[in-house]
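Notes for the one structure printed next.
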Number of protein chains: 2
Amino acid sequence: MPEATQRPYHHGQLRSALLAAAERSLRAHGEEQLSLRELAREIGVSHAAPRRHFPDRQALLDALAEAGFERLYTRLRAACTEAGDDFLPRLRATVAAYIRFATEDAALLELMFTSKHRPGADRLVVAADPAFDLMYDLIKQGQAAGELVEGDPERVGVVLFATMQGIATLVNGDMVKPELLDGLVDTAVEQFVRGARPA
Amino acid sequence: MPEATQRPYHHGQLRSALLAAAERSLRAHGEEQLSLRELAREIGVSHAAPRRHFPDRQALLDALAEAGFERLYTRLRAACTEAGDDFLPRLRATVAAYIRFATEDAALLELMFTSKHRPGADRLVVAADPAFDLMYDLIKQGQAAGELVEGDPERVGVVLFATMQGIATLVNGDMVKPELLDGLVDTAVEQFVRGARPA
DNA sequence: ACCTGAACACCGTTCAAGT
DNA sequence: ACCTGAACACCGTTCAAGT
């Protein structure tokens, strides 16, 4: 490890520096505006340098999306545990945390979910698993508590996940009237719990 | 109206020709690959010609999205009426038609919904209204038939719309296990109806 | 192993000029 | 009114060459 006072990215840090700069650019200006050359300029390396760490632009975007899923999972887990042990508050908190993540990082969410299956994107689908699994665990808890019907947790969980994802998309696209916005998460959770509770 | 045998796009047809070519390109190669210059080449005009009809690339994409909403509405309406007069079959058919549209035209759907509110995109939000309204009318029918709880149709309708949109996103991103795919729409509809039926 | 510099092919956008 | 042609500034990607 050299002192690296003037050119801190000359050795070993370029990959993480690119990811950090890309994340900022994504949040500030969206995916379309993200330019590899501009990132390289910011960091102070040549425009060809990123190639050693990301074979092309898409590889960088995929890495961002992958990191996004990890952060989403961390956030959901935090919200879930902080909400205590009971099913319903946990569910509410988790859904709310998802929507918060989605609206704060709209461009990132888009990257995470709209990466139509290209060869090599399997890593991304795998990266999404923990977040899904957390949802399924929540469903299982609800079932154990007698609040949700029995049956494959994934079957009902996917629908809940889809609803959250869809709400995020509608909100980010300004397609939900402001007066409905506040109660939207509550309505969704309430409707879900009613729809999936035991007869 | 001239004969226009050799250069059919020289007068008045360029706008619609661009839209048609753009729609094909979008479906075949996605949004990122869509190039104004390439469309102009295909059609046989100079690369600067599109500018008279669409001030920039985004304007063309917005027009595509707008047309997409119109086609979505037409499809939903057709599915709805063909399904007969009863609420539940209508609901099922409409949701299924939405998912069909979404998977057949994944890239278009993305354009339609992920166009984060930029100034000038109000036209798009307005274009989406009929599809939403159709959904709300369906909700109202369900309420009149006593199958759904009373209350603001939009409040419960938005959640349903979000669920459909989210399912489309998950399916298009290959994030739902194949064995769950078939029953997904049924599960979603069933869960919705249970969640929103009168106590 | 990691980065540079020049080069290539392609964009979107602009604008004076043509018809 | 509608289109052309040249020009500008910017990309992503490639590759020989440097350290």
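Throughout, a chain's letter reflects where its sequence line sits, starting with A, and its residues are numbered from 1.
With a cut-off of 3.5 Å on both pairing distances, D:dC11 has no Watson-Crick or G-U wobble partner at all. Pairing for D:dT19 is with C:dA1, a Watson-Crick or G-U wobble pair whose two hydrogen-bonding atom distances lie under 3.5 Å.
At whole-Å resolution of the value, CD in B:Q58 and C1' in C:dC11 are 16 Å apart. The separation between B:E32 atom CD and D:dC11 atom P is 16 Å, rounded to whole Å. Rounded to an integer number of Å, the gap from NE2 of A:H53 to P of D:dT13 is 16 Å. Between B:L34 atom CG and D:dC11 atom C1' there is a gap of 17 Å when expressed in whole angstrom units. As rounded to whole Å, 18 Å separates atom P of C:dC11 from atom CZ of B:F54. For the pair A:L61 CG and D:dG12 C1', the interatomic distance rounds to 12 Å; values are reported in whole Å. Rounded to a whole Å, the CD atom of A:Q33 is 15 Å from the C1' atom of D:dG12. Distance CD1 (A:I43) to P (C:dC2): 15 Å, rounded to an integer number of Å.
With hydrogens and angles ignored, a donor-acceptor pair under 3.5 angstrom links the side chain of B:H47 to the base of D:dA6. Counting distance only, with no hydrogens placed and no angle test, the side-chain atoms of A:R37 and the base atoms of D:dT13 include a donor-acceptor pair under 3.5 Å.
With hydrogens and angles left out, the side-chain atoms of B:Q58 and B:D62 include a donor and acceptor closer than 3.5 Å.
If you check every strand for non-hydrogen atoms under 4.0 Å, B:R52 touches a base. Among the protein residues, A:L60 comes within range of no part of the nucleic acid, since none of its heavy atoms lies under 4.0 Å from any strand. At a threshold of 4.0 angstrom between heavy atoms, the contacts of B:R41 are confined to the sugar-phosphate backbone, with no base atom among them.
The hydrophobic cluster containing B:V193 also contains B:V159, counting ILVMFWY residues as joined when their side-chain heavy atoms lie under 4.5 angstrom apart, directly or transitively.
Comparing A:E38 and A:A48 against DNA chain D, the residue whose closest nucleotide sits nearer the 5' end is A:E38.
Taking the six-membered ring for Trp and the full ring otherwise, A:F132 and A:Y73 have centroids separated by 6.0 Å or more.
For A:R194 and A:E190, the salt-bridge test fails: no basic side-chain N is under 4.0 Å from an acidic carboxylate O.
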N/O donor to acceptor pairs below 3.5 angstrom from side-chain atoms of residues 93-102 of chain B, sequence neighbours left out:
residue	atom	partner	partner atom	Å
B:T94	OG1	B:R90	O	2.7
B:Y98	OH	B:Q165	OE1	2.9

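Comparing D:dT4, C:dT4, C:dG12 by their nearest atom to the side chain of B:V45 picks out D:dT4.
Residue A:S35 places at least one side-chain N or O closer than 4.0 Å to OP1 or OP2 of D:dG12. For the OP1/OP2 pair of C:dC3 and a distance below 4.0 Å, the side-chain nitrogens and oxygens of A:S46 include no atom meeting the criterion.
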